[in-house]
Amino acid sequence: MKNRLQYLYIFMAWLSVRAYVYFYNWQYFSADNADDSTFHMWYLPPDYIANHFIESLIYLRGEPPLPQIIVGILIKLFGWPFTIPVDSMLLSIAALANAFLMRSILMRYAFGAKLATAIAILWCIYPANLGVEVSAFPIAFYEALPGFIFTLGLWLYLKCFDKNAASCKASAWVWLFGLSCAMLSMSRSTLSWIFILPVMACFFIPGDRKKIIAGFFAITFQLLWSLKNYAVYGQFNLETASDVGQNIFSTILNTGNYDDFYSYSVKKHPDDPFVLIGLPCLAAYDLPCIEKHFPGTKNHDSELESRLSIHGKLYGESYFLHDLSKKLKPLYADYLFHNPAAALRMIAKSYRLFWGNIYWQVSYIKGLDADPIILQVNSLMEKYKLANITAIHSIGILAALLIPVAGVRQKSLSGLQAGFLFAFLGFSYVAVISSLGDHGENARYRVDVESFAWLLPFMAYRCLRHLKEKTNNV
């Protein structure tokens, strides 16, 4: 009965806050959804989705398809522009599900129901979540969707360590965990290499070793999508976004490393016209100058357009962007490998932005942009964030170092230890990848793992307590 009441408290907090936000923001929903000016950067054009969805998904997008599929389903069901904010409503429901999952995870780590419920309620009233939800397009699906799947994946992973799951020859929890990780890798291009995490995680699940197969679901989906891109664009890359090169160069410029990068690249490739002339053109944003170094791409783009029954322009993907990335990636990797001090400086500078104020740097609520309640709650949450940052970088790192050592001694990991490592490594992956491959928008990437930022201090504390108790008992 108490559990039901606590779930009701969470639901009522979620419902009352969203009723307040939706009421004051309602007038802005229609205008935001009808604005196609930035829509094309992240999604297929709405008329393409409505009339040529499968074809345009294959030929016009190289990025992972899950956000496009969800948007496609919504447009097919409700038309475009949406008359009601079904996109925001879907993300709001995901936020509620996230709160329930976070409560369950905290209780699994032996925290009391009251504390777990309080954390879930705070998650429901978190202004950063509210801002992301009400500005669902154009970018929020790329943040909020993997954020929910990460939490779901952790919850499912912990279920794999239940006694009944370990005794089953093929536990449904294991396969659901593998499927959630496949969805994660298909949710955005920055997670193209996340398949390494479920492969590692499945080795710690007790029971039949065949369960490791579930860990390979993500890489299987990733390979299939990469093969699709190879068939269309003639390039095979596991990182599926065409704008990798642009993001890389943005990091180089905005962290103040361009001169050093250019000098190093010229020394290594003194006869390469792209390095000698193309990089300065790119630094000056001189597009015609850069295109001269890729003379065949326009013909390839035209050829690709002619294969479409739509006879429209390419949106978000092109041979030029793929070829630019192909040139920049090896130069960047070589520079980082031979200049580790510069790489650490770049990560440190970008990582500070990773911990920025999500509400103001990613999205805010237009109808309540000066609302004292929202602003005060957000200010308090930012102070709470400082405690999280301190905990993650102290007891979180300590737990991440001690748990593998304990695992070697025990020849296995407990469910709580394995779950912590899954969350910690997932969080670390997003933090490092976003800091190496982008700059200025890093707080946007933290939305992917914000629930982990909330959970990790509690998970680390419990794991360290268990390690201490075991040491004292020996």
Side-chain angles (χ1 to χ4, degrees), residues 3 98-120 123 149-168 171-174 176-178 180-181 184 196-209 211-212 214-215 387-388 391-429 449-474:
N3 273 346
N98 225 339
F100 289 152
L101 291 172
M102 289 169 69
R103 179 186 183 275
S104 176
I105 290 167
L106 286 169
M107 292 189 67
R108 193 176 186 96
Y109 277 80
F111 289 98
K114 290 182 180 179
L115 175 63
T117 301
I119 295 296
W123 179 262
I149 300 172
F150 259 123
T151 313
L152 176 64
L154 173 59
W155 183 82
L156 289 169
Y157 186 51
L158 291 170
K159 295 293 284 185
C160 294
F161 289 84
D162 285 349
K163 289 183 179 180
N164 59 341
S167 63
C168 294
S171 168
W173 295 119
V174 180
L176 288 172
F177 167 69
S180 71
C181 291
L184 198 59
I196 298 169
L197 185 57
V199 170
M200 293 172 54
C202 280
F203 276 97
F204 301 118
I205 297 175
D208 195 329
R209 292 293 93 185
K211 294 178 180 179
I212 295 171
N388 272 5
I392 288 171
H393 293 84
S394 55
I395 63 172
I397 291 175
L398 180 62
L401 293 174
L402 293 179
I403 287 173
V405 175
V408 171
R409 290 176 179 173
Q410 300 164 187
K411 297 183 179 179
S412 66
L413 291 178
S414 69
L416 300 188
Q417 292 171 335
F420 169 79
L421 287 180
F422 176 83
F424 184 84
L425 292 174
F427 177 87
S428 301
Y429 170 94
V449 287
E450 184 66 354
S451 62
F452 284 1
W454 285 47
L455 293 170
L456 278 171
F458 297 98
M459 298 167 71
Y461 170 79
R462 185 60 65 205
C463 287
L464 289 175
R465 282 292 302 269
H466 282 184
L467 286 175
K468 185 179 179 181
E469 289 168 6
K470 283 190 175 182
T471 302
N472 291 339
N473 291 334
V474 169

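Quick note: numbers below take in every heavy atom, side chains included, and nothing from hydrogens, waters or symmetry partners.
- No side-chain N or O of S451 forms a donor-acceptor pair with one of W123 less than 3.5 Å apart.
- Across F177, F100, W173, a single residue satisfies ring-ring contact (aromatic ring centres under 6.0 Å, His included) together with W155, and that is W173.
- R103 places no side-chain N or O within donor-acceptor distance of the main-chain N or O of A116, the cut-off being under 3.5 Å.
- Ring to ring, F111 and F458 are close: their centroids are under 6.0 angstrom apart.
- I403 places a side-chain heavy atom less than 4.5 Å from the side chain of C463.
- The structure places CD1 of I149 at 14.0 Å from CG of L154, a figure rounded to the nearest 0.5 Å.
- Under a 3.5 Å cut-off, the side chain of S104 and the backbone N or O of L101 do not form any donor-acceptor pair.
- Between Y157 and F204, the gap from one ring centroid to the other reaches at least 6.0 Å.
- Looking at every heavy atom in both residues, A460 comes nearest to I395 through CB-O, 3.7 Å.
- Nearest heavy-atom pair across F161 and A418 is CZ-CB, 3.5 Å.
- Closest approach of C181 and P198 over heavy atoms only: SG-CB, 3.5 Å.
- In this structure, the side chains of F452 and F422 come closer than 4.5 Å at one or more pairs of heavy atoms.
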